[in-house]
Structures are given as structure tokens and as C-alpha cells.
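Note on naming: letters A, B, ... go to the chains in the order of the sequence lines (proteins, then strands), and numbering restarts at 1 for each one.
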Amino acid sequence: MSDPLLLPPTTGVSDALLEGLNPQQREAVLYRGQSLLIVAGAGSGKTSVLTRRIAGLLQSREAWPSQILAITFTNKAAAEMRERVRGLIGEAADGMWISTFHSACVRILRRQAEAMGMKQSFTIYDTADSRALMKRIIKELDADTLGFTVGGALSRISRLKNELTDVEAFARTANISDPKEAVLLEIFRQYTAALRRANALDFDDIISETVFLFRAFPEVAALYQKRFRHVLVDEYQDTNHAQYALVRELVQPPRFAEGSGERPLPGASLTVVGDSDQSIYAFRGADIRNIVEFERDFPHSKVILLEQNYRSTQNILDAANAVISNNFDRKAKNLFTVVGSGEKIVGYTGYSGHDEAQFVADEIEKLRDAGASYNDVAVFVRTNSQTRPLEEIFIRSAIPYRIPGGTKFYERAEVKDAMAYLIQVANPDDDLALRRIMNVPKRGIGPATEAAMQAHAERLGMPLREVLRDAPQLGLGPKVTTAIVELGELLDEIGATVATAAPADILTALLTRTGYHQSLKNSGDPQDEARAENLEELVSQAKEFRTANPEGTLIDFLTGVALFAAADEIDDHDGSVSIMTLHTAKGLEYDSVFLTGLEEDLLPHRMSVNEAGGLAEERRLFYVGITRARKRLFLSLAASRASFGDVSVAMPSRYLAEIPGELIEWRQSAGGGFRGGAQGRLRAAPMRDSYSLPPAPKQKTEWTTPITNKVRDNGDLTLAVGDRIRHTDFGDGRVTAVTGAGPKAVAEVQFEQAGRKRLLIKIAPIEKV
DNA sequence: TCCGCAGATATTTTT
DNA sequence: TATCTGCGGA
């Protein structure tokens, strides 16, 4: 221990770094030892502790920035943590690795690509890519006759990879006499082989291949074991087995070659932070045991509990505590706060999803009238499909909103096409990418031609890309042959610039020279026009990327896009309400939170009810949602919900009954909203605290008025203060104010029945009377 | 090869 | 409710 970098802390950590911390937090910042588990309840200031701990290590010179590896759950969290550390101690923070598991592993794998038998230019398959590949394999093997589905096979394989079971290992353990197992093995084998051939990795590979790399090449592992002296992992409760194994590898004492003369080093110190009550990714292989059994895995580790909550009011915490206490086999935790009980939780039962959405919109406007900013409000949903009615009502009410990860930009067909061009140029081995763009824009290369090329490629064992050059030998029509050869030449030519050119320039060259952009612009279809605009947006994103990363290559850009997550696009200052899934909401906090769709079959979700541990996990999801709220929490549900064309009756979520009745003030309860038997499960939404019974059901025609998908357009209808209007849902009213101009003009209307509303004049379902 | 139509089909959460 | 698939005709 003569190394000055490994000395125990002296007085190196300044008081400023410890300012405002409670004793447990302070200990978590200052503790020095081999392994530390920080059990951080919701809102207990763990990010602050983690950043100060890192800052302390740097400030006291116990570590250089390059010796720090911090793993966060999202890229955005990583960027924020980096900023905060920099803010605490200045530039000395540069050189740290703060990133997600996936980003860190890709970085390692690119450096060591050769060792693992891949090219440095490997591409990353997202879920859609994996699905496309799996679809082909299942079709080819006729595996659907045995009941295999694309999703099913992929999730089996994903689980195997998360358990670090590769094809060989699975072949050894699989029960081959079971025909289904045998076919699964074959699917796994072909899937793996196809990825290899394409020089590509899927999301799970990124982690597992890194572990395999470290195990197969101890000298490579030693590189990182020597380098990283402090490994910190946030959200540890959501790590899967492969990630756990990776952490274990990283904190192993580095093994040195015989006679290298290097001094032995202890393993890196490990700090993990997490809360088993917030584990919500079991479906992705997250294993709660990683955190529960941490002390067994890493003997002599120190455990620090952070139980004081600095985020929420006592009412919100009481609700959260009451709910989560229904999960048995958990270590009791007792979150407390000193800020006081705060406002009551507000409950609301709508007639339909639209009614519920209207409630949310109305309450948001009230909050805004009371001085809140849209940024301070978030609306949570269980499933992505729930966002639609919310969007429709928000548009009508002129409430600015964002849906991080909603209709994902990078998942749109035209954007994927453009990305496939880039991928094919960066990684010519990627057949999947080439197949996607071969006939986009239309070149007359149909399925028959593709099959001929595929056969040729297989015969000669070459990637599809090389077949483009051999096209004249395939005996196809002259027109098609020319088209193929020209495509090949274009890709080759642009491919030659990849190492030096800026991503945006490469993309622009591809989009113009193939005529893809132009073909969309000229088509006359308004949808194609929007698609062309999306391509332009992609170009400008590529430009932005280069501005942010002046050295960034095409490969870097592709990696960034592949690992871009929903939570990364949350902007806290853009003046809009965020609508997101409960999963995306993890780690975030808002003054006001709306938890919507609190119904059976939605939360808990129908699909989870029969899964082992499913109900407990859904409850944790509910818990995560509740604990995001700082001051105000709204719980809402609908008595009927439209799903896939028809409407079904919804029951209140069983979890609602777990919240003590006195904490909730029901604006409109299930009491009258649900017709029929008021017994049994209906008790779940308490009636005794009903504040007001819902009005008699409206005329059927009124509340089933379909809110059409196509945006209504009132042309250049203009309204002035004093105008009387009629709204299809709200009835008659009088305009009290008009703000904004042109298509964004907003009218404030005092309705006779429905109260005051804000409406976007151009699209609201209104007419002057 | 391309286009349009009819009918089937899926239906959680995500790096 | 979309989105995808398969089929027949141009």
C-alpha cells in the first residue's frame, strides 16, 4: 500500500463537499473500503451522494479522473453526473468514464474488436433489426409450426445471453430429445451466426461479449482492472446477471504476466447504489438478488441506508410506504420526511380514457393558473398506447407536451432506411441493412432478384454487398442488372470517404445520389412530404452530432443513435408537460405527477398477472410512480377504456385499495362511475371518501363521440373576445381572451357548463354561433 | 415488379 | 386500431 493513490483519505475532502449532508449521506461520501452498498430509498439524495463521493475521490487525490468508472442508467444521467462533478471540483473531472453499461462496453469492444474476432466497425442491432433477422430464420426453419414466434424466440435467446449462456453452452445443456428445444438451439445457432457474418451485435451481446472477452483474454481484462480503481454503479437493483458478472470481472485484482515485474494491485473499490423496491426491469433480466445478496457476494462490504426523503410530502410518502409494504420478503425500509404532510392526493375516475385525459388537462391548467410551469408537471402511463387520448386532449387544450420515446424518431421507416444506408456504408458485411435499402427508392429489385442474389452470396460465402459487383453474372434482366451495379458503385464510392467525412455529409450524399429524398418530395403524398422532412431532420441531427463531437466518426454517430434511450431526450426546460411510461420515469422527479390508467389489466398489466413475481413488480412500478412526485399527486382511472377498436369495462386497480383512504380526496369516485355490481373488486376505489358523486351519465352519443385521428382544421377561423362559440364536447361558451397568432392562436373560453378552457382555435372542434 | 385490396393479427415495460 | 400478409390483376 505504498502507492500514494491508494492511501486512506486524509483531510483531502473539503467541508464544502459535505455541506448539507445528513450523517448517513456523509458517511456514504467518505467511507473508504473495498465494497460499499448504499441502499438509497426514493428521493434520499443518492445522486448528490454519488457525485460528491466521486468529487471527493478526485479532490483528495485518491484517484485520477481516468481511474473512475461510473455506470448510470441513462446517457442523460451520465451527462448530468459529469456536469455535477465538474461543477463541484472544476476541470479535474475530465477523463472519467461516466456512462451506461452499454456505452462503456461498446467503447471497450471497439478497442478490442480484433481480439474478439470482429471488425472495429461492427454495428449494433436494435430490437427491430433483431426481429427482422429472427423473422427470416423462423420462416426458413418453419419453426412457427412448432409454435415459435419472433418475440418468443428472441426473448428466450435474450434470457440465455443475459445468463451468459452462449450457443455452445446451451447445446451442452439443452434437452435435444425435446423437438422444441432442438429447434430453439438451431434458431439460436443461426441467429448467432447471422450476427457474426453481419459483423453486428445485439443489445444483449454488448454486455455478454464484453464478459466473454475479459474471461478469454485476462491480459485485456487486466488493462481495465488496472485502469479503473473505483467502480461505481447506480440503479444496481436493475442489473442483470451479465452486468453483475461484468462488474465482478472489473473489480478483480488484475492478473499480471509472469515476470512482468509489475507490482500486484488489489481489485478496484466498488460502490453500488440502489433500492430493491424500485426494481422494475425483471422482464429484461434484471435480478433483484444482485442487490439483496450484495453482502454475500462481496464479503466485508459496508452497507449504508439512506432513509430520509428530501423530495416528497408526507402524504405522498405515506401512500408510497403503504403500497410497497404489501410486497412481502422485502427488507423493511422507513422513508420519512420533515417537510410536512402537504396536500392530499387527488383521485378521479373518468368515464373513458378521454374523460380521464380531460381531467388531467383541466388540472394542469389549474396548476398553471396557480403559477406552475408546464415543466414541473409529468403524466405517467403504464403502456405507450395510453398516450393517445392524452395527446388528443392536450392538443385541443393547447397544452404543450412531449412524449420522450413516444413515436420514436429513429424507428420511423424512412429514418431507418436512411440509417440502413449509413450502416451499409460503414459496415458492408451487414446484409440486413443492404436488404432493407436495396429497393428503396424503387429500383425494380424485387423479391425474386433478391433471392437470386442471396443464393449467389451463399454459394460463394460472401456478403450480399459483394454480389452487387457480380450482378452481371447472375443472368438477370439488363435493367435490373444496371440498377444493381450502380447501387454497388455508389455505395463503394461513398464508402471510401467514411474514415474522414462528416456523418452529415455522408448522409446527404447518400440521400441525394440515390434520389431517395427527392422521390419522397416529389410524390405528392402529404405523408411522403413529412417523411422527406424527417430525413432532413436526421441530417441536421448528424450535423449537431458533429458539432458536439468534432472528432466523431460515422461509426460513433451510429453507435450514439443505437444506444439513444427515451429518457435521454427529456428536456427539463422546454416549457412542456412530459408524458411518459412509468419505466421511463424512473430516476426523475416532478412537482406534480399524474398517474393515469390505474385499472386492473393495465396496472397490474394483464400480461404480468400470471408471471412469477409479476404482481410484486407491478406494485413496485406503482411505487416508483408515486415517489416521483414532490408536492402533488393525482391518481386517475377510467371506467371504460378503448382498446383495439372496441371498448371494454375497466375495474379499479387493486393497488388503489392499498392507499389509506384518508390520504385521497376523490373528486369523482368509482361510486357512480361504474355501473353494475358495486361489490367485490369495485371496493378498490374507495367510495367512503367520495367528495362528490359524478354527474349522471351523459347522453351516450355525447361521450362516445369518436375523437378522430385526423386533425380537424378550422381554416383561418378567427375569434375575438366576446364571440360566442359552440364546442362539440363542452357546449356553448364565450371567448374571454385570445393569445398567440396564426395557427397557434389560443382562445380562452368560458363555457356555460364546462367552465373555463383554453383551446387551439385552428383545430378545436368549435364553431361560431 | 408493382399496386391495391381484403382479411388476419397482434395486444407491456426497454438498453 | 393500425400494421402486416397474401393474393390477383396490370
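Taking every side-chain heavy atom of K139(A) into account, dG6(C) is the closest of dT15(B), dG6(C), dT1(B). Here the side chain of H605(A) is nearest to one of dG6(C), dT15(B), dT12(B), namely dT12(B). Candidate nucleotides dT1(B), dT13(B), dT15(B) were compared by shortest atom distance to the side chain of H583(A), and dT13(B) ranks first.
No option in I437(A), D431(A), N439(A) other than D431(A) meets the side chain to side chain contact (heavy atoms under 4.5 Å, CB included) test with R435(A).
Computed from coordinates, the K135(A) NZ to dG6(C) P distance equals 8 Å when rounded to whole Å. Nucleotide dT12(B) holds its P atom 11 Å from the CZ atom of F283(A), rounded to whole Å. One interatomic measurement links the two molecules: CE of M607(A) to P of dA10(B), which rounds to 11 Å at whole-angstrom precision. Rounded to an integer number of Å, the gap from F564(A) CZ to dT15(B) P is 10 Å. In this structure, CG of D568(A) is placed 8 Å from P of dT15(B), rounded to the nearest angstrom. If you measure from atom CD of Q386(A) to atom C1' of dT12(B), you get 10 Å, rounded to the nearest angstrom. Atom CZ in R388(A) sits about 9 Å away from atom P in dT3(C), given to the nearest Å. D144(A) places its CG atom 13 Å from the C1' atom of dT5(C), with the value rounded to the nearest Å.
Classification of the Y281(A)-F283(A) ring pair by plane angle, with boundaries at 30° and 60°, yields tilted. Ring geometry for F380(A) versus Y590(A): interplanar angle over 60°, hence perpendicular rather than tilted (30 to 60°). Between Y655(A) and F622(A), the ring planes lie parallel to each other; the angle is under 30°, not in the 30° to 60° tilted range.
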> Passes side chain to side chain donor-acceptor pair (under 3.5 Å), Q237(A) versus E235(A)? Steps please.
Replying inline: CA-CA 5 Å; Q237(A) 77 281 356; E235(A) 306 284 7; 2.8 Å; yes

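Residue contacts for E611(A): at a heavy-atom cut-off of 4.0 Å it reaches a base atom on one of the strands shown. Using a 4.0 Å heavy-atom distance criterion, R382(A) is classed as a base contact. Across all strands, K586(A) comes closer than 4.0 Å to no nucleic acid atom at all (heavy-atom distances). No engagement by D126(A) is indicated, since no non-hydrogen atom pair under 4.0 Å with the nucleic acid exists. A448(A) comes within contact range of the sugar-phosphate backbone alone, with a heavy-atom separation under 4.0 Å but no base atom that close. Within the 4.0 angstrom heavy-atom criterion, no nucleotide atom of any strand lies near S608(A).
Ring-base stacking between Y281(A) and dT14(B) is not satisfied when judged by a centre separation under 5.5 Å and a plane angle under 30°.
Residue T584(A) has a polar side-chain atom (N or O) positioned under 4.0 Å from OP1 or OP2 of dT14(B). Neither OP1 nor OP2 of dT15(B) sits under 4.0 Å from any side-chain N or O of T74(A). Contact check, N439(A) against dT1(B): no side-chain N or O comes under 4.0 Å of OP1 or OP2. The side chain of N75(A) places no N or O atom within less than 4.0 Å of a non-bridging phosphate oxygen (OP1 or OP2) of dT15(B).
Along DNA chain B, the nucleotide closest to T383(A) and the one closest to R443(A) are compared, and the more 5′ of them pairs with R443(A). Between I280(A) and G444(A), the residue anchored nearer the 5' end of DNA chain B, judged by the nucleotide with its closest heavy atom, is G444(A).
Across every non-hydrogen atom of I280(A) and L582(A), the tightest pair is CD1-O, 4.4 Å.
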